[in-house]
> 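Below: one structure in structure tokens.
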There are 2 protein chains.
Amino acid sequence: MARTRRSVTIIDVAKAAGVGVSTVSRVINNKGYVSEETHQRVSEVIDDLGYAQNLAARSMRSQQTNLIGLIMPDVTDPFCIELMRGVSRAIIELDYDLIIYTNGDIRRNDSNTRMQQYVSILNSSVADGVIIVIPLADDFPPVSPVVSIDLNINHPSGPAVIATNYQGVREAIDHLFELGHRRIGYIGGRMELMSGVQRQKAFEDAFKEAGLPLDDRLMLPGEFTFSAGYQRGLELLSLDEPPTAIFASNDQAAKGVYQAASELGFRIPDDLSVVGFDNIPEAAYMGLTTVDQHVEQMGYMGTKMLYRLIQEDDPEEDIYQIETTLVVRGSCQPFDH
Amino acid sequence: MARTRRSVTIIDVAKAAGVGVSTVSRVINNKGYVSEETHQRVSEVIDDLGYAQNLAARSMRSQQTNLIGLIMPDVTDPFCIELMRGVSRAIIELDYDLIIYTNGDIRRNDSNTRMQQYVSILNSSVADGVIIVIPLADDFPPVSPVVSIDLNINHPSGPAVIATNYQGVREAIDHLFELGHRRIGYIGGRMELMSGVQRQKAFEDAFKEAGLPLDDRLMLPGEFTFSAGYQRGLELLSLDEPPTAIFASNDQAAKGVYQAASELGFRIPDDLSVVGFDNIPEAAYMGLTTVDQHVEQMGYMGTKMLYRLIQEDDPEEDIYQIETTLVVRGSCQPFDH
DNA sequence: GTGCCGTGTGGAAACGTTTCCACATTCTTC
DNA sequence: GAAGAATGTGGAAACGTTTCCACACGGCAC
């Protein structure tokens, strides 16, 4: 429990070098006037003593850390990983460092509360700005730079990065229509999120505009997870008249559908067509037709936006939209009536 | 640049509740004597004002954060991602939170220096303990709890988690021997790391003990990356007498070999057998025969070890070894002389 | 009734920085 | 050659906490 650490401080360095603390600080941060000679001597002492800045003390005082915080529910989720890629690419360009906070699992009992808590903690403490992925908590203190990826339905205002979910799903369903499918199952996402709502709306509109009836039994709620996809997949495929195609609101759920289909003896695409959303890397291996929302790009753009926010040039767009594209692979087949 | 944030502090709360700061602190941390009535009142004020603790100030003073730090060169690398999975699983069990520091890319010019710097920064600043993945920097201040995954060759002492690299490679090469391969290419890893050294040693010993000559032209240095695997793969397959099999020191490099083989018209496994190391998730899709070092487990065990270190029960083992297992898939075929 | 312990509270020191201010010294410039 | 700018330096306040210490009050034992 106890931590006996007694590390080298700036004061130790100052004493050893025979200068004031402010001089050492100037050397470390390379700002203000310091003579070449003094700089040299202080640098040597720093090396000798193995001095390392205390981030806490520093950020407490200076309000500048060159650190961007990323808050995610689950570092294990492919969507999150892909997003991290983009953020990572951006921070390298910007010469920032990245600090990721996670409490490990979206399903952890007090997950939301903790996330919410950590937004303010990270923000007011340690990072210059924060990116929130999947903002499930519907309320957090409006402390300075925050960009969210996806949006909470109760806070549908920026700054945020979000895909054109509506168009993406419309395109996907039109694709299934063209292949002749009419009985299409829908496995939803989290309805606290804009993405979940928009995707569902698009699905419903597609049917309406095509003049086709919506079958309630084919539209099931989900939550963007493998297990929900699996459960709902089992339900749909166990119906007396199962759908000929299933649209899963993300690829994780689509994976669950694959699992369910395989267990119930449905072959994909022969007996069942499947479309997902996200285009996670695995989708390519699975041959899954899906809506690419360019997740890596979302992370990249979000970070760039945050950077502008930190620099206080207000970002030109409050909400940045990423265009989706339908990626057709082998998981869908024409259906003959 | 400037941060205008002026957040609610413990002092504001104290004033609003008409008590001293120490009382507020006692309420927040639930320690020491506070009357039921005062506790109530302070709690209300905290909610009203939307007060959030300043992590920096807190950890600066109290040295306890319930946060475990993870320091990684590259959140984009499959090995690192898999490791994160295990760490994530452990922190949920332990009811800790996780903070991941990364500077985005192992190849970033000053990567090592920064990593090294951040070990001490994170450690002395914000987290109760730190896990270092791929300790490339060969020296860092011996500040309190640190567990490393893999080992730097210049600091071959624990606490650390490392796979039985030697046995793993021996098994892999024996497998290739049994299939009749004698001309086996070797693409190495980073020789600053124990894993890189041990794998190479095992490769050499396998040949020696089998009484077979080692061909220098078939043993190339690498660095555990896709691009190195690709480059070295091209070199090996462009030899007058190319190898019939290639052992890549990790799966990323093996992926590079796949790329090189495909470009030069070598079919796997017909014209070339390939073995990797790590067993990253993609390996299953690729049909890559590889040595599983149970990376998720490494992360999990490392975190558990770190936890014991924080609690100051010295961990029973200084270095925890993870047993590797050979996973045979379709990337290798018998070779007839 | 004096002393001591348990409970409840507030003030102030300490943590390790950065930054503001004050003070020297040297270099320009008219 | 005097004024003012540029350069170089150190002291001390400030950041928001936790924790140590002091104090006050009531009750209980002797």
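Here is how names work: the chains are called A, B, and so on, in the same order as the sequence lines, proteins then strands, and each is numbered from 1. What you see below is based on every heavy atom in this structure, not just the backbone, and it leaves out hydrogens, waters and symmetry mates.
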> Is a side-chain N or O of D77(B) found less than 3.5 angstrom from the main chain of F79(B), in a donor-acceptor match?
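Yes: the side chain of D77(B) pairs with the backbone of F79(B).
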> So which heavy atom on I81(A) is nearest to which on T76(A), and how close?
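The pair with the smallest heavy-atom distance is CD1-O, 4.0 Å.
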> Starting at NZ of K15(A) and ending at P of dT9(D), how long is that distance when rounded to a whole Å?
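The distance from NZ of K15(A) to P of dT9(D) comes to 20 Å, rounded to the nearest Å.
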> Is the shortest side-chain heavy-atom distance between V21(A) and S25(A) below 4.5 Å?
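Sidechains of S25(A) and V21(A): no contact.
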> When you check the gap from the basic side-chain N to the acidic O, do R85(A) and E82(A) get nearer than 4.0 Å?
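Salt bridge between R85(A) and E82(A), a charged N being under 4.0 Å from a carboxylate O: yes.
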> Which angle, to the nearest 10 degrees, lies between the helix axes at the two ends of the helix from dG1(C)-dC30(D) to dC30(C)-dG1(D), each defined by five pairs?
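The angle, to the nearest 10 degrees, is 40°.
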> Can you tell me how far P of dC15(C) sits from CD1 of I11(A), to the nearest Å?
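Checked: the CD1 to P distance equals 8 Å.
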> If you define the side chain from C-beta out and look only at heavy atoms, does anything of I28(B) sit under 4.5 Å from I46(B)?
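Yes, side chains in contact.
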> Is there a side-chain contact between M298(B) and L83(B) (heavy atoms, below 4.5 Å)?
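Yes. Closest side-chain heavy atoms under 4.5 Å.
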> For the residue pair Q297(B) and R89(B), establish whether any side-chain heavy-atom pair is separated by less than 4.5 Å.
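The answer is yes, as the side chains (C-beta and beyond) meet within the 4.5 Å cut-off.
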> Rounding to an integer number of Å, can you tell me how far R26(A) CZ sits from dG11(D) P?
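In whole Å, dG11(D) P lies 11 Å from R26(A) CZ.
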> Within a strict 4.5 Å, meaning less than it, do heavy atoms of the D150(A) and M194(A) side chains meet?
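They are in contact (side-chain heavy atoms under 4.5 Å apart), so the answer is yes.
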> Can you list, by residue number, the residues of residues 29-45 of chain B that have a non-hydrogen atom closer than 4.0 angstrom to DNA chain D?
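Under 4.0 Å from DNA chain D: N29(B), K31(B).
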> If you only use heavy atoms from C-beta on, which nucleotide in dT9(D), dA12(D), dA12(C) is closest to the side chain of S22(A)?
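The listed nucleotide nearest to S22(A)'s side chain is dA12(D).
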> Quickly work out the I10(B) CD1 to dT17(D) P distance and round it to whole Å.
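Answer to the nearest Å: 5 Å.
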> Using a 4.5 Å cut-off on heavy atoms from C-beta on, say whether the side chain of V27(B) contacts that of V13(B).
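With C-beta onward as the side chain, the pair stays apart.
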> Indicate whether OP1 or OP2 belonging to dT17(D) is found under 4.0 Å from a side-chain N or O atom of S25(B).
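False: S25(B) side-chain N/O out of range (4.0 Å or more) of dT17(D) OP1/OP2.
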> Rounded to whole angstrom units, what separation is found between the OH atom of Y51(B) and the P atom of dG16(D)?
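The distance from OH of Y51(B) to P of dG16(D) comes to 10 Å, rounded to the nearest Å.
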> What is the distance, rounded to the nearest whole Å, between atom CD1 of I28(A) and atom C1' of dT18(C)?
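Between C1' of dT18(C) and CD1 of I28(A): 10 Å.
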> Within the structure, does a side-chain N or O atom of T23(A) lie under 4.0 Å from either OP1 or OP2 of dG10(D)?
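The answer is yes; a side-chain N or O of T23(A) sits under 4.0 Å from OP1 or OP2.
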